[in-house]
Each structure stands twice: as C-alpha cells, then as structure tokens.
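Reviewing the structure listed below.
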Amino acid sequence: MKDIIIIGGGPAGLTAAIYGARSGKSVLLFEGKAFGGQISKSHKVENYPGFEEISGFELSEKLKKQAELFGAEIITAKVKAVEENEGSFTVAADKEYKARTVIFAPGTEPKKSGIPDEDKLIGRGLSYCATCDGNFFRGRDTAVIGGGNTALQDALYLSDICRKVYLVHRRDGFRAEKSLVEKARQRENIELVTDSVLLSAEAAPIIKSITVENKLTGEKRVIDVSGLFMAIGQTPLTADFSSLLPLDSYGYVEAGEDCTVRNGLYVCGDCRKKDIRQLTTATADGTVAATKAVEYLDS
Ligand code: NAP
C-alpha cells in the first residue's frame, strides 16, 4: 500500500511527486508515454522562474531526477482504471497497485482540426509537434494553424529552419502573449494569414498544399507547403476516469484551487478546470495537491 499514487509525469505530477516524497510519504508515479508531458516538446522555455532559457525536455529531465532523488518511484505504464475502495484506491496499470491517496495529473493531448483525412495525413506532412518534426521540413515551406502560445512558438521555431512559415489563424486577435506575436510580426519569413480557416490539405501522397478560406471575404487561397503543424489547443486526458472525477462538458476536472476532489482524491495541472494553464500554474497545482494529500494522510 503506497501513500500516494500519481497519474501523469508532466510538471504537475512530477512536482506533486517531489512534494509528496520530500514529506516522507511513499510515492509511486505512473507515466504512460514520455515524461515531461506537453512541455517536453517545447524547444525553448523562457517563462519558468529561475531559468532564463531552458529546453522543455531538459526541464522535464531535471524534474524527474529531482523527484527520484527524494525517493519517488517512477513507472512507465498506462493507467487503465482507478477504483475507489473504503479508504484506499486500486490502480490498474501493468498490474494492480494500491494507495491511500491518488493524485490525477494526466494532462492534455493536442486537438484535431477535423479536416478531411486528418489521421491519414499524419506522418505525410501533418504533425502536432513542431519541435519533434520541424527538422524534416528544413529549408522548405510550412504552415502552422492556431493563434495561441503554442502556435506562435511553433511558427518562430520553424522560421529558424524553414524557408517560409504561414501562420493561419481564425481571428485577427491572438490569444498568445503579445511578445510572441510581436516577434512573429518582425520575422521576414513568417506571413500571418488571419481571419482564415483551414479547409483541407492536399497530398499526393505527401502534403503539397493547404486550402484556407478568409472568413470575412469568403475568398479561398491555396498555399503551397510541405509541412502542416496543428497547434489549436488541447483535450484533457480524463475520459478513462469519468466515473471517479467530476468533469465539465469539455472533460476538465471540476476542482477548486485546493486541487481537492474529495478526501484522498486530488487533481493537478492542465486537466483541472482553470483560467490559466502555464508551466508555473501546473507546478503550483502539483504543490497544492501533494500538500493536501499529505495533510489528509497525517490527519
Ligand atoms: P490555446 O491557448 O488554447 O490556443 C489554441 C489556439 O487555436 C487559439 O488561438 C484558438 O483560436 C485556435 N483554435 C482552437 N480551435 C480551433 C479550430 N478548430 N480551428 C482553428 N483554430 C482553432 O492552446 P495552446 O497554444 O496549445 O496553449 C495551451 C496552454 O499552454 C495555454 O495556456 C498556453 O499559454 C500554454 N503554453 C505555455 C507555453 C509556455 O509556458 N512556454 C508554451 C505553449 C503553451 P481562438 O483564439 O480564436 O480561440
């Protein structure tokens, strides 16, 4: 019987592991895929206090090492189900594990755009991760879809290695930080294609162009690109736990700033319903969730 089982190895889950283990509790953390969550795919992080600049991958590695240093046990296995028993939880992963408390930190995954044959285009020019796949399009033309921080960061990253980058966004206002938008405007090889939606990507069999429509004029435009990067937001990875967790209509877990669902059950990071999803708010959540779990264990 562990004191704390954490589901998810992004910044929120790893911070919870650091706080839980450092409080002397036995901590077991599960990560289904790669450690570090979404941030490990960011090639450059400039807004995590204490680091003027660090790659998302390096930051994830540091968090993992720190959690292990304090005694957290980390397992790579997908958690399939969690069952609540009286005063404890059974977690089904590669086998069954038991814990007195569970902290959910499963994070989110990239949203799909819904263009025809989207799944078939993956690996044929379409990608959801510019830092993972951008290098395949070195010296060529690419498009990024979206107007949030991810889209702007992706466009800036790609503009360093690609000939031209088209940033296609459905409005003319951007959700992304002003400084990123300003940087993008100053790059000569980034073209902002605003008020425009992506209709399709043409491939034979590899993407050769995309078609976008200007929402104000109805005009359609074919843009020749080899790479298409989707950066239109995230879906919370909570569906497997819907019987245990209160979810809103988008699938985010409804829990307040105390990160507490009920005694013994906690949630942290991007999958929690909240206004601001940032690295710093994810690690803050991890701190709160683990501290609440420790308080409960000691009560
Ligand atoms: P986001 O902030 O939710 O932005 C999604 C963007 O995609 C928005 O511009 C949205 O347009 C657009 N969009 C949504 N659905 C669309 C659709 N079906 N078709 C076309 N466009 C669509 O997502 P994100 O950029 O992935 O960022 C997620 C969170 O992580 C944010 O809180 C962000 O600040 C954070 N983040 C932080 C860092 C960092 O700390 N370094 C890096 C990356 C991301 P509208 O604006 O019109 O809704």
Side-chain angles (χ1 to χ4, degrees), residues 8 10-12 15 36-60 63 105-116 118 121 126-132 134 143-158 166-181 183-184 192-201 210-216 221 223 228-237 248-252 268-286:
T15 304
Q38 295 287 321
I39 201 66
S40 59
K41 294 175 182 165
S42 268
H43 85 291
K44 205 198 295 184
V45 176
E46 295 178 326
N47 55 5
Y48 193 70
F51 296 92
E52 283 163 21
E53 187 182 310
I54 186 167
S55 80
F57 182 77
E58 197 187 344
L59 183 63
S60 306
L63 283 168
T108 59
E109 71 179 358
K111 265 193 208 159
K112 302 220 165 148
S113 75
I115 56 165
E118 185 160 354
L121 294 169
L126 188 148
S127 164
Y128 298 85
C129 177
T131 35
C132 314
V144 176
I145 313 297
N149 278 340
T150 304
L152 269 291
Q153 282 187 339
D154 285 358
L156 288 164
Y157 172 69
L158 291 169
Y166 298 88
L167 179 73
V168 179
H169 179 37
R170 62 185 178 184
R171 299 187 285 136
D172 70 345
F174 287 89
R175 198 178 284 271
E177 287 164 24
K178 276 201 180 84
S179 61
L180 290 173
V181 179
K183 269 189 200 168
L192 304 184
V193 183
T194 52
D195 292 314
S196 296
V197 289
L198 176 70
L199 296 180
S200 60
I210 57 169
T211 303
V212 301
E213 182 178 42
N214 185 301
K215 287 193 330 181
L216 304 180
R221 176 179 172 192
I223 304 173
L228 172 60
F229 292 89
M230 297 290 183
I232 60 171
Q234 308 290 325
T235 304
L237 292 170
D248 72 5
S249 56
Y250 300 99
Y252 289 99
C268 57
D270 282 4
C271 74
R272 186 171 75 82
K273 185 176 178 179
K274 56 179 168 176
D275 284 344
I276 298 170
R277 292 191 176 83
Q278 287 286 307
L279 255 175
T280 44
T281 60
T283 55
D285 267 16

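Counting convention: from 1, in listed order, for ligands and their atoms alike.
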Grab the two heavy atoms, one from Thr194 and one from Arg171, that are nearest each other, plus how far apart they are. CB-O, 3.3 Å
Under a plain distance cut-off of 3.5 Å, with no hydrogens placed, do Glu213 and Ser196 share a side-chain donor-acceptor pair? no
Which protein residues come within less than 4.0 angstrom of ligand 1, counting heavy atoms only? Asn47, Gly146, Gly147, Gly148, Asn149, Thr150, Gln153, His169, Arg170, Arg171, Arg175, Ala231, Ile232, Gly233, Gln234, Arg277, Gln278
Counting only N and O atoms by type, is there a donor-acceptor contact under 3.5 Å from the side chain of Asn149 to the main-chain atoms of Glu177? yes
A side-chain contact here means heavy atoms from C-beta on lying under 4.5 Å apart; do Leu228 and Leu121 qualify? no
Ion pair Arg170/Asp195, N-O distance below 4.0 Å: no
Step by step, would you call Glu118 with Lys111 a salt bridge (charged side-chain N to carboxylate O under 4.0 Å, His left out)? CA-CA 11 Å; Glu118 185 160 354; Lys111 265 193 208 159; over 6 Å; no
